[in-house]
Amino acid sequence: MIYPDSKIVLEVRGLCATVNGTEILKGLDLTVRRGEVHAIMGPNGSGKSTFSKILAGHSAYEVTGGSVMFEGQNLFDLAPEERARAGVFLAFQYPIEIPGVINSQFLRLTYNTVQTHRGKEELDPLEFDDYVREKMKLLEMSPDFLERSVNEGFSGGEKKRNEILQMAMLDPRLAILDETDSGLDIDALRIVANGVNQLANKDNAIVLVTHYQRLLNYIVPDYVHVMEAGRIIKTGGKELALELESRGYDWVGVEHKAVARAVA
Amino acid sequence: MSATGTINAGYLETLLAGQPQLPTSPLAWLNALRAEAVDRVGVLTVPTLRDEEWRFTDISLLTKMPFHPVRTTISLQAADIEHFYIEEAATRLVFVDGVYAPQLSSGIAGSGVTVVNLEAGFAAHAATIEPYLGRLTEFRDNVFAALNTAFLHDAALIVVPRDISVTVPVHLLFIATQKDVVSYPRCLLLAESGSAVTVIEDYVSLQEDAYFTNAVAEIALLDNARVNHIRVQREGAKAFHIANCAVSLARASNYQSVSVAFGARISRYNLNVQLAEEAECAVDGLALISGRQLADTHTCIDHAKPHAVSHQMHKCIVGGGAHAVFNGKIMVRQGAQRTDSRQSSRNLLLTNKAHVDTKPQLEIFADDVKCTHGATIGQLDSEEVFYLQSRGLSDTAARNMLTYAFGAEIIERIPISSLKCQLEQTVLEQTATQL
């Protein structure tokens, strides 16, 4: 939801980045304030996922230009774990399986690590168990998930629910959801979206990275951005997503080029 | 084995010093067995890198060490060794430098299940054990098994009678206490038809100087028997540990083994498993080593008869400049149709000086079989590390967790929860100090 005079959470200016020498981001601008839900849409290869991973601090990408401020702090001064502790959360498109690590242990370790760095109390195993079970209800997850290895043998939908569960535990200021809708059937999509909606509040911000409009029926964005060739080339309200759904992405590019020519 | 060098011969002679002083057994066949073993030691030599079975494992250091058989036994109090006890295992045999320590042991004698030092089992079981003791292990062409057999005296004997299930695990605790001593731990487990038992074979040390453990275990499962065998090698940092284990599975029996190797400067474990019809085995292993350690596991799973199943997962976590070796032979003999065999060797190198040699070796002489094998060697996956970092864990904590998880997958298979927790803690500590 858009709140007047809300503080800026994320300010991206002219961001350029390469992977293995190939330029992927070519001057990306984006401003996200507290309380807002942004959707970044665009065709495959437009740089959406790269952008999410750069925000989380993936080392495979090299930032070659521009700036990213997070809550008034230079994001690039922070290691990935410091970003997480400061309140950046990335829900992975492909969550990693960790055989041998029990989900409950993993969740408690990450939760307590982040809590400690935020100057808050850790929870002991019993307290944590109550806490996590409460959060799991939000995502209609069976407590069985706690006893299984992290993501191992989870279905696509279960993995995504486990991601949002982690988001619920870590209480981020900025949550980036990378293709969270991919691989979900309609029931799982509804559950995941429900969870995200309940976690959204006036103090945090959510960036949805998605190829399809379908997720946006459930999580209604305040802004929709269209990304192409490493930049945001159009921004609109939630109705833009519907237009993209019916007309595809091509017209946005054509329009953008026409505007660019007119300016020139 | 090759016949090289006279240095070897002299060395073996010193190892045999003291053998003639062994008390004569009342069993003629046992005396004959020992005498034959002494003869074999005279013929065999210490293997070198030129021997195919030893080409990755240089034990020349061993021959430079002045080891001698135990001369005086150290008397230990329970308080000295209590920390090695395993909560669930009330039945325990303790051997100090290879010598049976009755005051520290709590075996089972009398009718029913037998868990005793070998001598105490003769009266009731001499005839029962004769076909197995010294027969399952091929000591005739294995110098270390021959040396052990030459010194065959104190030994753990477990006999589980027909259709009896032993619910409490049996703990065989072998403690090294003396510098420069070679000890010859020995076990014989006989699980009669339809019986079931869990045995923990545990090698520990109370000192950090060099010593040599040369162990032999023989395990026979008769029809439908079930054996859980957990082997823990946590010897001192300068120890040499060479062990041979032979397991024979009769029809429809089931053998589950997990062996972990954490200790010793140089260790070698040979495990030979022979399967009859419809027998099943799961043979899993974990070596977690660092510094200049060398841990070598050679296994041979022999599908001698049809319809048997074998599953094997062996993992190595290698840090520092350590060296791990795995040689996993699967033999499917002619006529062993419908064999189902699965083997996997997975190896994690924590540094660029760490080294692993892994060699799956399938020899299949039957045509209607399902055999799979695979080997991987790698470092921690950077995507996995990033995932954990993105959840707030430091790079070090993330790497520790992944390394731990890699090892825990094997530890998890140990069916005794206090031992499992203890070993998981060891993995956690070892990985934490290495990264």
Side-chain angles (χ1 to χ4, degrees), chain A residues 52-61 78-103 105-118 147-152 159 162-163 165-167 169-172 174-176 178, chain B residues 258 260 284-288 313-317 344-348 350 374 376 378-414 417 420-421 423-428 430-432 435:
Chain A
S52 341
K53 285 184 176 163
I54 284 174
L55 292 180
H58 196 295
S59 60
Y61 303 93
L78 304 177
E81 62 270 26
E82 293 170 326
R83 299 182 195 190
R85 295 164 190 168
V88 176
F89 179 86
L90 171 65
F92 279 52
Q93 181 176 6
Y94 303 109
I96 306 293
E97 298 186 8
I98 316 175
V101 174
I102 304 301
N103 212 15
Q105 294 171 341
F106 165 71
L107 292 172
R108 191 164 66 87
L109 181 62
T110 56
Y111 175 78
N112 280 339
T113 303
V114 167
Q115 285 293 97
T116 308
H117 281 91
R118 292 178 187 166
E147 301 315 315
R148 292 165 60 181
S149 285
V150 180
N151 293 326
E152 191 190 26
K159 282 181 183 169
N162 209 30
E163 291 293 285
L165 175 65
Q166 292 172 55
M167 172 181 164
M169 316 248 40
L170 300 181
D171 188 24
L174 172 70
I176 306 136
D178 188 7
Chain B
V258 178
V260 296
D284 300 315
L286 170 67
L288 170 60
M313 163 87 84
H314 190 82
K315 287 190 168 188
C316 299
I317 303 175
S344 150
S345 158
R346 296 188 56 203
N347 303 281
L348 183 58
L350 300 178
T376 60
Q379 299 181 331
L380 290 173
D381 184 316
S382 61
E383 291 298 319
E384 293 177 6
V385 174
F386 174 62
Y387 183 67
L388 295 178
Q389 283 182 287
S390 80
R391 298 304 182 250
L393 302 190
S394 66
D395 180 69
T396 307
R399 287 173 187 278
N400 279 347
M401 179 175 250
L402 293 169
T403 307
Y404 164 77
F406 185 85
E409 195 186 355
I410 299 295
I411 307 281
E412 277 297 311
R413 301 178 183 199
I414 293 174
S417 66
K420 192 161 75 179
C421 290
L423 297 178
E424 282 175 349
Q425 197 55 39
T426 310
V427 175
L428 213 53
Q430 289 236 8
T431 51
L435 294 163

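Just so it is clear: chains get the letters A, B, ... in the order the sequence lines come, proteins before strands, and each one is counted from 1.
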## Note on the structure
Shortest non-hydrogen pair, A:A84 vs B:S390, comes out as CB-O, 3.3 Å
### Query
Going from CG on A:L109 to CG on B:L393, what distance comes out if it is rounded to the nearest 0.5 angstrom?
5.0 Å
### Task
Name the region of B:E384, side chain, backbone, both or neither, that has any atom closer than 4.5 Å to a heavy atom of chain A.
both
### Nearest heavy-atom neighbours spanning B:A408 and A:G100
CB-O, 3.9 Å
### Query
For A:E82, is it the side chain, the backbone, both or neither that has a heavy atom under 4.5 Å from a heavy atom of chain B?
neither
### Heavy-atom contact with chain A under 4.5 Å, split by part of B:L402
side chain
### Step-by-step side chain to side chain contact (heavy atoms under 4.5 Å, CB included) determination, B:L388 to A:I96
CA-CA 9 Å; B:L388 295 178; A:I96 306 293; over 6 Å; no
### Message
As an exercise: rank B:R391, B:E424, B:E409, B:Q389 by heavy-atom pairs under 4.5 Å with chain A and give me the winner.
### Response
B:R391
### Considering all heavy atoms, the nearest B:G392-A:T113 contact
O-CG2, 3.3 Å
### Task
Check each atom of A:V114 against the heavy atoms of chain B and say whether the ones under 4.5 Å are side chain, backbone, both or neither.
side chain
### Query
Going through the checks in order, is the side chain to side chain contact (heavy atoms under 4.5 Å, CB included) test met by B:Y387 and A:N151?
CA-CA 12 Å; B:Y387 183 67; A:N151 293 326; 3.4 Å; yes
### Message
Could you go through A:R85 and B:S394, starting from their C-alpha distance and side-chain angles, then the distance that decides it, and tell me whether this counts as side chain to side chain contact (heavy atoms under 4.5 Å, CB included)?
### Response
CA-CA 10 Å; A:R85 295 164 190 168; B:S394 66; 4.0 Å; yes
#### Entry: Whether over 12 other heavy atoms sit under 6.0 Å from A:Y94 OH
no
### Message
Is A:F106 in contact with chain B via its backbone, its side chain, both, or neither, using a 4.5 Å heavy-atom distance?
### Response
both
### Query
In terms of heavy-atom proximity below 4.5 Å to chain A, should B:I410 be classed as side chain, backbone, both, or neither?
neither
### Task
Show your working on side chain to side chain contact (heavy atoms under 4.5 Å, CB included) between A:F92 and B:F386 and close with a plain yes or no.
CA-CA 11 Å; A:F92 279 52; B:F386 174 62; 3.6 Å; yes
